[in-house]
Structures are given as C-alpha cells and as structure tokens.
There are 2 protein chains.
Amino acid sequence: MPRAPRRKLPSAKPREGTAVHAKGTERVESILDAATDTLIEDGHAGLTLRRVAQRAGLSVGNLQYYFPAKQDVVRALLARYLEVASRRVRSRVEEGGRAPVERLRRALEALLEDQESPRHCQLFAELWALAGRDAMVSDALTVFYAGFRAGIVELLRELAPGLAPSRLERRAALVVAFLEGLSLFRGGGTLRAASVPGLEQELRAVLEEVLEGVPRAGARPRD
Amino acid sequence: MPRAPRRKLPSAKPREGTAVHAKGTERVESILDAATDTLIEDGHAGLTLRRVAQRAGLSVGNLQYYFPAKQDVVRALLARYLEVASRRVRSRVEEGGRAPVERLRRALEALLEDQESPRHCQLFAELWALAGRDAMVSDALTVFYAGFRAGIVELLRELAPGLAPSRLERRAALVVAFLEGLSLFRGGGTLRAASVPGLEQELRAVLEEVLEGVPRAGARPRD
DNA sequence: GAAAATATAGGTCGAATGACCTAGATAATC
DNA sequence: GATTATCTAGGTCATTCGACCTATATTTTC
C-alpha cells in the first residue's frame, strides 16, 4: 500500500478504458486479460500497474494512458468479467427446450460445470473479500447476483407456477447461496482440499431427490 | 508488497508467540486481537507490522520480540481464531438434549446466528481468498472444516442411523457448503446487499420442509 | 501532406513496507 | 541483588508502489 493518492488535480488524460482505433481496443482487451490473471494469481494487493503492464507487454506509462488509476483497471476488469459471466448464466438457463424439471436439471449441471475452473473460483473468492471493503465491488456483485437470481427464478417459475414472485425470488436466492457455497469446496474451489471424496455423486443424488418431489407448493408463509 | 525477505540468517530471537510471564501472555493476546481486527478491516495486504503494533499500543520492536515475522502473526492469529470457532461449533452441536430432529434444528439455528457477525463473515471471506494462495491458510481451513463437518455428522447420524459413514460425511459436507454459501448473503455477510428481503423466513420454511421428511434413507448409491 | 488524435517509452517523486538492528529502560522472578 | 523477561524508541535497508510528467513515435483525418 504505497501512498495516499494525491489524485487528479490538473489531469490532462481523460481516457478511461475506451479506445477509438482498433489497435487501442485490442490493447485494452489485453490489458484487462493481464489484469484479470494478476488479480486471480496475486490478489488485489498483488494487482499492481507495473505487474499488469509487464504481463500485457507494454509500459506503465502506456497502461496509464488507458487507465489513469488502478481503480479504473479494476472497475473495467470487473465490468467485463461479470458481464461475460452473466451472459453465461443466461445461456445456461436458456439451454435446452425440454420439460421444466429437465431444464432445471440441465441448467444446474451446467452451472456446476462452470465451477470446475480454479481461475473462476479464485476470482470470486477474491471479490467476496473485496466486497466487504470496496463499495464499487460490492455494487458490481450485487448487480451480478441479481441477474443470476433472475435466471434461476425463470427456471423455478416453470416448476411451481403457483408460487408468488417474491417467494420464487427467495427460493432462487437460496439456490444461488447453495451454489456459491459449493463453489468453495467443489471443482476449482479454493477449499477443494477441505472437501470429501464422493461429494459429486452425493450432490447429484440429493439434487435428484429434491427434483423428484419438487412441484409441491409448500406451506404458505406470511408474505 | 515491500521486499523479498532476506530472512533468518543469524536470528537471535527464537520467540514465536509464546510468553513466559502473565504480562507477556496478555500482550500476545492483545497483539492477536489487533492483528485480527486489522486483517478483517484492511485485508491481508493491509495487515502490516506497523499497523498491528500501533493498534495494539506497542512498538514494532516489541511486536517483533514476540513474532519475528509477519507470517508468525498470521499463523498464530489463525490458530487462535479457528480454535475458538471450532469449539463454538462443537458447543452448538452439543446444545440441548432433545430428540434428534429438534437437536439438529437448534444446532442449525445456532450456526446461523453466528453468521450475524460481519467481522466473522469478512474474516472468512478473506481466508477463502487467501486459501488459494497460501498453503498454510488452506491447511488451517481444511482442519477447521473437517471439525465442522464432524459436528454435523454427529447430528445427522442420529437422524439416519442406517446411512453409511461415508455417505453421512458427504451429506454433512453439503450442509456445510450450504451454510457457508448462506454466510455470504445473510446476516453479516459481505454480500448482504445482494440478498433478498424475506430470505430468513424462506430459509426457515425450507429447513422445516426438509426436516419433516428427513429420516428417509434415500436411494442407495454405489458406494 | 499538414494538423490532430492517438499511442508508447521512460523517468521522477513521495510514501509505504517487511525485516532487521541497536541501545537502553523497566518490570518480574528467584 | 542478580538474572531474566519484557518493553521502548529510534533508525537502516532494499524494495515496491501509485500517480504523475515529458518527450517522442505512429496513425487518422481533413
């Protein structure tokens, strides 16, 4: 943690991750790639402009031409990654046009597959920690999880059309929480070493068990 | 990230978090308190010897009398925190001597209560991120979660005595994963802002639903 | 082809860091 | 009272950091 930013007094460089020419756009992409890798491998504290610049193969000065401050890099990297991840969730949800139960089953299976990536899991672990300290990260994740939930809601709606929208939203939130909890111990999660052999089959078995008896309305709670 | 540690060549201070007199023990405790708070508030990168010393109200030299290196502070603080948290889980599990289902219900309720603490949740978010990069942290968490799981296993065993130990272990792992996932969005979690109103009641409702039909053996999978 | 926009390299600066050290003061214990 | 434990206050050192700046190439655009 180097210094107190004496920030933006005159500032002649209004650029913020946007480029006009093709070459610039390409540069921005490679910068964000490098920044993402660095964030994943070395954490937020290890994400330094110098390291990113070196990894992306350009000078620090050049990097700062596109992203004047570190915060700008993080912001852009986050926006890009979460946007892609969101689209991924949507596409998972829309996958296959079968019966409701089957659709849900396939969507969950696909979401679980995404957790195989250690990169992805480590990134999110990093973001969860950051969210408690950085409002920008917290906001970005809030938007992301709202989209995630919405995708699950769509799936659940088909299964239980009678459920009130607010209750669907809540059930979806529980599903998301479970999935994120699993991402810690499963596949590429940072705690896969703290897991248990055979977790996968058990998870599938429980999923089947729940899905078989799923279209029950449940006792109506005070809304 | 300051410098490459030129580490331990002669080293005349073999102390490592242990004190002889009462005053020293007290000091160590206050150091670990300060270090824990700093880790929670500023993250692993913000955990600097200077900051910890200032917070604990002593000199850096004195801090290093007890903990020669930063790593030693982290190790000790982790051991202490996870030990306390482990005991807490056990006591939660042993709480109340009622019927199996009731015991499980109460234990889960107690575990959920622990998630109300933002400090606790932020610390764990930090540790999950760290675990991917620091084997010491990963190992400590692995031990912790093994204990956590063991506690849940005890509870589940009463409910489903027929289940094989390995399957109990796996079910417990799923419960732990769900709980940790919830800790992100519930109570003091770093993503409480990304949650949904009424999550609590819904969670209780689902819990009840599951607990009611719980002593079913489930289809025997290939073990 | 000239003017303007864009791209890039290299360097400076103040601030902060972890590890280490010295020299001495104060307190507890035997 | 001597021994050990605890503690303070300061400083050194090599290193890293983010922000900032200037000078120069390279492209676009007109």
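Sequence lines set the chain letters: A, B, ... in the order given, protein chains first and strands last, and positions in each chain run from 1.
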Would you compute the distance between atom OG1 of Thr48(A) and atom NZ of Lys70(A) and round it to the nearest 0.5 angstrom? 7.0 Å
Can you tell which of dA19(D), dA19(C), dT17(C) lies closest to the side chain of Thr48(B)? dT17(C)
Compare side-chain N and O positions of Arg27(A) against OP1 and OP2 of dT8(C) and report whether any pair is under 4.0 Å apart. yes
Could you state the CG-P distance from Asp42(A) to dT16(D), rounded to the nearest angstrom? 13 Å
Any side-chain N or O of Arg51(A) less than 4.0 Å from the OP1 or OP2 oxygen of dC17(D)? yes
Whole-Å distance between dA9(C) C1' and Gln64(A) CD? 13 Å
Which part of the nucleic acid, if any, lies within reach of Leu47(B) when heavy atoms closer than 4.0 Å are counted: base, sugar-phosphate only, or nothing? sugar-phosphate
Quick check on Gln54(B): does its CD atom have over 12 non-hydrogen neighbours (other residues, nucleotides or ligands) under 6.0 Å away? no
Length of the line joining Leu63(A):CG and dT8(C):C1', which is rounded to integer Å: 12 Å
Would you say a side-chain N or O of Asn62(B) is under 4.0 Å from OP1 or OP2 of dT8(D)? yes
Could you check whether any side-chain heavy atom of Arg186(B) comes within less than 4.5 Å of a side-chain heavy atom of Leu203(B), counting everything from C-beta outward? yes
Closest approach to the side chain of Tyr66(A), judged atom by atom: which nucleotide of dT17(C), dA7(C), dT8(D) is it? dA7(C)
Return the nearest nucleotide to the side chain of Arg50(B); candidates are dA9(C), dC20(C), dG18(C). dG18(C)
What's the separation between atom CG in Asp139(A) and atom CZ in Phe144(A), rounded to the nearest 0.5 Å? 15.0 Å
Within this structure, what is the CD-to-P distance between Gln71(B) and dC20(C), rounded to whole angstrom? 13 Å
Could you state the atom-to-atom distance from CG of Leu49(A) to P of dG10(C) in whole Å? 17 Å
What is the distance from NZ of Lys70(B) to P of dA19(C), rounded to the nearest Å? 8 Å
Respond yes when some side-chain nitrogen or oxygen of Ser59(A) is under 4.0 Å from OP1 or OP2 of dT8(C), and no when none is. no
Give me the ring orientation class for Phe124(B) and His120(B): parallel if the planes are under 30° apart, tilted from 30 to 60°, perpendicular past 60°. tilted
OP1 or OP2 of dT8(C) less than 4.0 angstrom from a side-chain nitrogen or oxygen of Tyr65(A), does that happen here? no
